[in-house]
Amino acid sequence: EIFFRITLLTYLYDIPSDRQVCEEIRYNMLYRWFCRMSLEDKVPDHSSLTRIRDRMGEETFKKIFEKMIRHCIDKKLIKATKVMIDGSLIKADAALNSMVEKNEDGSPSEKEPPKYIKGQRYSNNTHVSSSDPDSTLAGKIGEPKQLRYKVHSTIDRESRIIIDPHVTTGTDVEGKTCMGRLNHIEETFGVKIEELTADRGYGYGTNLHQLEERGVTTFIPNFHQDEG
């Protein structure tokens, strides 16, 4: 329980590291109160947080998150029937000079990364980061490409609570993940999506057609008219 309360603190107050949050809990009375720790209680070492996180793994975090959402639905805090969805790029913890040529199976080759990136040309088809191979080169039009991920967040419209944070590589197209995420929400939480709001990145004709067939009211511009 203390671990998850500390994890919430790092998110709510944008604390960048385990080491820093443990240090701040030592003298911040508000943080101690939130973690239900007395003045005499010893603050966990930052390395303990890392070990707990690694031991639990992604799947355990996912199960706990979904259980919390079910509690919110059971307690009528959220309905999860009228939702909004959007995708955001997140910078990976990897630099461009970690890029190396791909092997045939997509794994990083054993070649040494170049010391300088000036004049180098990289592509997701031919190169991959040796330090974070799950990330991909991505960026908005007109800005330099960086190694990034993309989080597709679906939120309950009325409460603004996130009910499905789905992370993909940075190059995954938002509109092509849409229906899969709605299916996941309905199957996981036993709800029926009635209304969806999204930007033009989701405005594929095939999406709008499927949503219409499912009886979902949409507020999405029909931007990709050539897609069906």
Side-chain angles (χ1 to χ4, degrees), residues 1-18 21 31 34-36 44 48-93 132 134-136 138 148-199 201-202 207 210-211 213-220:
E1 180 181 346
I2 290 176
F3 168 78
F4 278 102
R5 288 179 178 273
I6 292 175
T7 300
L8 280 172
L9 283 177
T10 62
Y11 173 76
L12 294 172
Y13 292 96
D14 197 23
I15 302 173
S17 69
D18 292 338
V21 72
Y31 291 177
F34 181 76
C35 293
R36 297 184 177 178
S48 298
L49 303 184
T50 303
R51 286 196 296 270
I52 292 171
R53 187 181 297 108
D54 291 343
R55 185 172 67 246
M56 294 178 67
E58 180 181 338
E59 191 61 30
T60 302
F61 273 93
K62 180 182 177 183
K63 289 179 180 178
I64 293 172
F65 175 84
E66 291 176 351
K67 186 172 183 178
M68 292 172 64
I69 297 300
R70 290 191 193 97
H71 279 309
C72 289
I73 294 173
D74 292 342
K75 298 295 183 182
K76 311 299 182 184
L77 297 175
I78 60 177
K79 296 179 180 178
T81 58
K82 298 180 180 180
V83 300
M84 304 169 70
I85 186 170
D86 197 12
S88 302
L89 289 170
I90 298 177
K91 189 177 183 300
D93 190 14
D132 190 357
D134 291 329
S135 62
T136 53
R148 289 172 168 167
Y149 288 91
K150 185 176 287 184
V151 57
H152 308 263
S153 297
T154 307
I155 69 171
D156 177 70
R157 194 193 68 184
E158 296 179 0
S159 66
R160 297 297 197 267
I161 291 176
I162 297 173
I163 59 176
D164 181 50
H166 179 63
V167 179
T168 65
T169 67
T171 54
D172 275 36
V173 179
E174 296 172 7
K176 295 184 178 180
T177 65
C178 175
M179 301 309 300
R181 300 327 301 164
L182 296 186
N183 292 337
H184 171 79
I185 292 168
E186 291 186 340
E187 294 169 5
T188 302
F189 304 121
V191 298
K192 174 69 172 65
I193 303 295
E194 300 172 356
E195 184 179 296
L196 174 65
T197 302
D199 63 24
Y202 296 85
N207 285 346
Q210 290 183 58
L211 290 166
E213 286 189 331
R214 293 166 67 154
V216 179
T217 302
T218 59
F219 299 93
I220 308 173

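Quick caveat, the model's predicted, so the values are computed rather than measured.
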Item checked: Side chain to side chain, Val21 and Tyr13, heavy atoms closer than 4.5 Å -> no
Next item on the list: List the atom of Ala80, the atom of Ile193, and the distance in Å for their closest heavy-atom pair.
Entry: O-CD1, 3.5 Å
Margin query: Give me the atom names and distance for the closest heavy-atom approach of Cys35 to Ile2.
Written below: O-CG1, 4.0 Å
Margin query: Would you say that Gln210 contacts Val216 through its side chain, given a criterion of any heavy-atom pair below 4.5 Å between the two side chains?
Written below: no
Margin query: Under 4.0 Å between a side-chain nitrogen and a carboxylate oxygen: does that hold for Glu1 and Arg5?
Written below: yes
Notebook entry, point to check: Is the backbone N or O of Thr171 less than 3.5 Å from a side-chain atom of Thr136, with the two atoms forming a donor-acceptor pair by type?
Noted result: yes
Check: Quick check: are there more than 12 heavy atoms from other residues, nucleotides or ligands sitting under 6.0 Å from CD of Glu213?
Finding: yes
Checklist line | Contact check, side chains of Met56 and Lys63, non-hydrogen atoms, under 4.5 Å | finding: no
Check: Can you list the steps and then say if Arg214 with Leu182 is a side-chain contact (heavy atoms from CB on, under 4.5 Å)?
Finding: CA-CA 11 Å; Arg214 293 166 67 154; Leu182 296 186; 4.2 Å; yes
Next item on the list: Using atom types as modelled and distance alone, determine if a side-chain donor or acceptor of Lys150 lies under 3.5 Å from a backbone N or O of Gly87.
Entry: no
Checklist line | Inter-residue atom distance Ile163.CD1 - Ile155.CD1, 0.5 Å rounding | finding: 9.0 Å
Next item on the list: Might you work through the side-chain contact (heavy atoms from CB on, under 4.5 Å) test for Cys72 and Asp156, ending with a clear yes or no?
Entry: CA-CA 11 Å; Cys72 289; Asp156 177 70; over 6 Å; no
Next item on the list: Measure the shortest side-chain to side-chain distance between Met84 and Phe219 over non-hydrogen atoms and say whether it is less than 4.5 angstrom.
Entry: no
Note to self: Salt bridge or not between Glu194 and Lys79? Use side-chain N to carboxylate O under 4.0 Å.
What the structure shows: no
Note to self: Determine whether a donor-acceptor pair (N or O, by modelled atom type, separation under 3.5 Å) exists between the side chain of Thr188 and the backbone of Ile185.
What the structure shows: no
Checklist line | Flag side-chain contact, heavy atom, 4.5 Å: Lys82 against Thr217 | finding: no
Note to self: Would you say that Thr154 contacts His184 through its side chain, given a criterion of any heavy-atom pair below 4.5 Å between the two side chains?
What the structure shows: no
Notebook entry, point to check: Which heavy-atom pair separates Glu66 from Phe189 by the least distance, and what is that distance?
Noted result: O-CE2, 3.5 Å
Next item on the list: Kindly compute the distance separating CE (Met68) from CD1 (Ile161), expressed to the nearest 0.5 Å.
Entry: 9.5 Å
Note to self: If I take atom OH from residue Tyr149 and atom CG from residue Asp132, how far apart are they, to the nearest 0.5 angstrom?
What the structure shows: 3.0 Å
Note to self: How close do Asp172 and Thr169 get, counting heavy atoms only, and between which atoms?
What the structure shows: OD1-OG1, 2.8 Å
Check: Which atoms form the tightest heavy-atom contact between Asp86 and Glu174, and what is the distance?
Finding: OD1-OE1, 4.0 Å
Next item on the list: Show the numbers, then the answer: is there a side-chain contact (heavy atoms from CB on, under 4.5 Å) between Phe34 and Leu8?
Entry: CA-CA 10 Å; Phe34 181 76; Leu8 280 172; 4.1 Å; yes
Next item on the list: Evaluate the side-chain contact (heavy atoms from CB on, under 4.5 Å) criterion for residues Asn207 and Ile220: first the C-alpha distance (whole Å), next the side-chain angles of each, then the deciding distance (0.1 Å), finally the verdict.
Entry: CA-CA 10 Å; Asn207 285 346; Ile220 308 173; over 6 Å; no
Check: Taking atom OG1 of Thr60 and atom CD1 of Ile52, what is their separation to the nearest 0.5 Å?
Finding: 12.5 Å
Notebook entry, point to check: When rounded to the nearest 0.5 angstrom, what distance separates CZ in Arg157 from CZ in Arg160?
Noted result: 8.0 Å
Notebook entry, point to check: Does CG belonging to Asn183 count more than 12 external heavy atoms closer than 6.0 Å?
Noted result: yes
Notebook entry, point to check: What are the two closest non-hydrogen atoms of Leu89 and Gly170, and how far apart are they?
Noted result: CD2-O, 3.6 Å
Check: How far does OH of Tyr202 sit from CE of Met179, to the nearest 0.5 angstrom?
Finding: 12.5 Å
Next item on the list: Please check if the distance between the ring centroids of Phe4 and Phe61 is under 6.0 Å.
Entry: yes
